[in-house]
Amino acid sequence: MLTWLAFDWKTPERGGRRFTCVRRWCLWKHYCNYFPIKILKTHNLSPSNNYILACHPHGLMAHSCFGHFATEASDFHKVFPGITPYILTLGAFFWVPFLREYVMSTGACSVSQSSINFLLTQKGTGNMLVVVVGGLAECKYSLPGSTTLVLKKRYGFVRMALQHGVSLIPAYAFGETDLYDQHVFTPGGFINRFQKWFQKVVHVYPCAFYGRGFTKNSRGLLPYSQPVTTVVGEPLLMPKIENPSLEIVVKYHTLYIDALRKLFDQHKTKFGISETQELVIV
């Protein structure tokens, strides 16, 4: 196994190793129907271009992102014909034997810079790189009804889009934060201070979350069967700038946030969010 890992170590950064048969498991159809998970397209995408899709929010488990882009259960290939999705995730998933093979089989790749560079330069066109920008830092804000995103200082995805001249696509999963409840500990208390210390050391915020059990009114770790709809917005065209300055990155980062807010405001009332509620960017 160690010999295989040494030989295959760079594969997650070289396009991965997807298996269509795994992406089409009938299990995933049941998975998507459980919530249900749906995808809503607002604009067509040309297979002659590459894209970076930023998906919000992360929620606790990013269920909708997995269902849409790591499987074929939501008919992604029919909604966006000619487009190949690549979920970009933490490199740590590819350090574990066997688990790495399963993760790669869904089409996932490492979120490292070298992986992004390879996918946007060596895999032709029609590629969609899917990044859940908020990451695990967003878990602490994953409460029912929450619309808080960790985005204010997340510039990396914008910088990569500028360096390769690819369009950025905002996407918002309405209902993702409603799939679990979370116990919020007293601010300043012992457990709350431990959570903050753990986040500072490991960069992961430990959450006390729960959902439903195997019976309807029981508690457990299963997500609630609440509908989640991911609305995919209009591509934001980006110029190609090999070494963009911080000022340029901030400029297009602001334009991206404006596009995301517009997408959210246009669709929020359709999914039970009040007209007065707005996105909170932290």
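Counting only residues at least two apart or on different chains, the salt bridge (Lys or Arg N to Asp or Glu O under 4.0 Å) pairs with a member in residues 94-123 are D8-R100, R17-E101.
For Y256 and F157, the gap between ring centers is short of 6.0 Å. For F80 and F76, the ring centers sit closer than 6.0 Å to each other.
Among all heavy-atom pairs drawn from L263 and P170, the shortest one is CD2-O, 3.6 Å. Heavy atoms only, all atoms of each residue included: P235 and L45 are closest at CG-CD2, 3.4 Å. Between A171 and L53, the shortest heavy-atom contact is CB-CD2, 3.9 Å. In terms of heavy-atom proximity, H58 sits nearest to G135 at CG-O, 3.3 Å. Taking each heavy atom of Q277 and F264 in turn, the nearest pair found is O-CE2, 3.8 Å.
Evaluation of the side chain to side chain donor-acceptor pair (under 3.5 Å) rule for S110 yields S112 as partners, not counting sequence neighbours.
Y31 and H63 share a side-chain donor-acceptor pair at under 3.5 Å.
Under the 6.0 Å distance and 45° angle rule, K268 does not count as a cation-pi partner of F174. A cation-pi contact, defined as under 6.0 Å to the ring centre and within 45° of the axis, links R219 to Y210. Cation-pi geometry between R18 and Y86 is met: under 6.0 angstrom from the ring centre, within 45 degrees of the axis.
Annotation: side chain of H267 is in contact with side chain of L40 (closest heavy-atom distance under 4.5 Å). Side-chain contact check for I248 versus L162: some heavy-atom pair is nearer than 4.5 Å.
Remark: side-chain polar atoms of R23 are not paired, donor with acceptor, to backbone N or O of W28 under 3.5 angstrom.
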